[in-house]
Amino acid sequence: LRVESRSRTLFENKFDDAIQLCAMSPNGTLAVFTKSKLYVYDPMFENIYTFQTQDLPTALAFAGDNRQFAAGCPYRRRRAGRYRVPDGYT
């Protein structure tokens with residue numbers, strides 16, 4: 001995965017599993033869903049949250065306040081996925 005501005009590379013990372021989906025909030029928080037994990041990075045691209053999962057997302061979106069995001073996983077056995085960005089990173 002590579003995140004770029006108009007003039008330079010901001011972040012680059014290789015993941016163990018294939019990336020399924022990713023999204024960036026208006027403040028620069030980045031969420032990356034791979035085949036086995038959900039990663040959340042703060043606007044400085046420091047990993048602030050990692051969650052082991054077998055869910056396969058079809059949609060990923062941040063709330064307007066950057067404090068929560070939702071992952072749509074149509075084959076999820078439980079309720080729809082809703083995750084919170086850890087306090088202090090919004």
Side-chain angles (χ1 to χ4, degrees):
L1 172 71
R2 184 181 311 153
V3 179
E4 297 187 356
S5 71
R6 292 183 182 186
S7 60
R8 66 185 180 95
T9 299
L10 302 173
F11 174 71
E12 194 168 3
N13 192 16
K14 292 185 187 265
F15 295 91
D16 293 334
D17 294 317
I19 295 172
Q20 301 295 310
L21 201 57
C22 60
M24 185 173 276
S25 74
N27 80 336
T29 302
L30 176 68
V32 180
F33 234 123
T34 69
K35 287 178 100 175
S36 64
K37 292 181 183 174
L38 168 65
Y39 300 90
V40 179
Y41 297 89
D42 69 12
M44 299 304 295
F45 301 105
E46 296 293 324
N47 182 260
I48 57 174
Y49 183 74
T50 302
F51 180 76
Q52 187 83 23
T53 182
Q54 295 301 314
D55 296 330
L56 295 176
T58 57
L60 188 60
F62 280 87
D65 64 2
N66 302 309
R67 298 185 65 76
Q68 297 183 63
F69 64 97
C73 303
Y75 301 106
R76 188 177 170 95
R77 291 186 188 106
R78 299 177 299 264
R79 298 181 332 191
R82 190 174 109 202
Y83 305 90
R84 292 180 90 37
V85 175
D87 289 337
Y89 292 99
T90 57

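Within the 4.5 Å cutoff, the side chain of V32 has no heavy atoms near those of the L38 side chain. In this structure, I48 and Y39 have side chains that are not in contact, with every pair of non-hydrogen atoms separated by 4.5 Å or more. A heavy-atom distance below 4.5 Å is not found between the side chains of L30 and D42.
Among residues at least two apart or in separate chains, there is no salt bridge (charged side-chain N to carboxylate O under 4.0 Å, His left out) pair with a member in residues 13-36.
Residues F45 and M24 come closest through the heavy atom pair CE2-CE, 3.9 Å. Between P43 and T29, the shortest heavy-atom contact is CD-OG1, 3.9 Å.
For the atom pair CG (N13) and CZ (R2), the distance works out to 12.0 Å, reported to the nearest 0.5 Å. The NZ atom of K37 lies 13.5 Å from the CD1 atom of I19; values are rounded to the nearest 0.5 Å.
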Kindly determine whether V40 and F69 satisfy side-chain contact (heavy atoms from CB on, under 4.5 Å), including the steps that lead there.
CA-CA 10 Å; V40 179; F69 64 97; 3.7 Å; yes
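With sequence neighbours excluded, no residue forms a side chain to side chain donor-acceptor pair (under 3.5 Å) with S5.
Linking ILVMFWY residues whenever their side-chain heavy atoms come closer than 4.5 Å, directly or via other members, leaves F33 and F15 in distinct clusters. Under the 4.5 Å side-chain heavy-atom criterion for ILVMFWY residues, a single connected hydrophobic cluster contains both F51 and F62.
The one candidate from L1, V3, N47 that meets the side chain to side chain contact (heavy atoms under 4.5 Å, CB included) condition with Y41 is N47.
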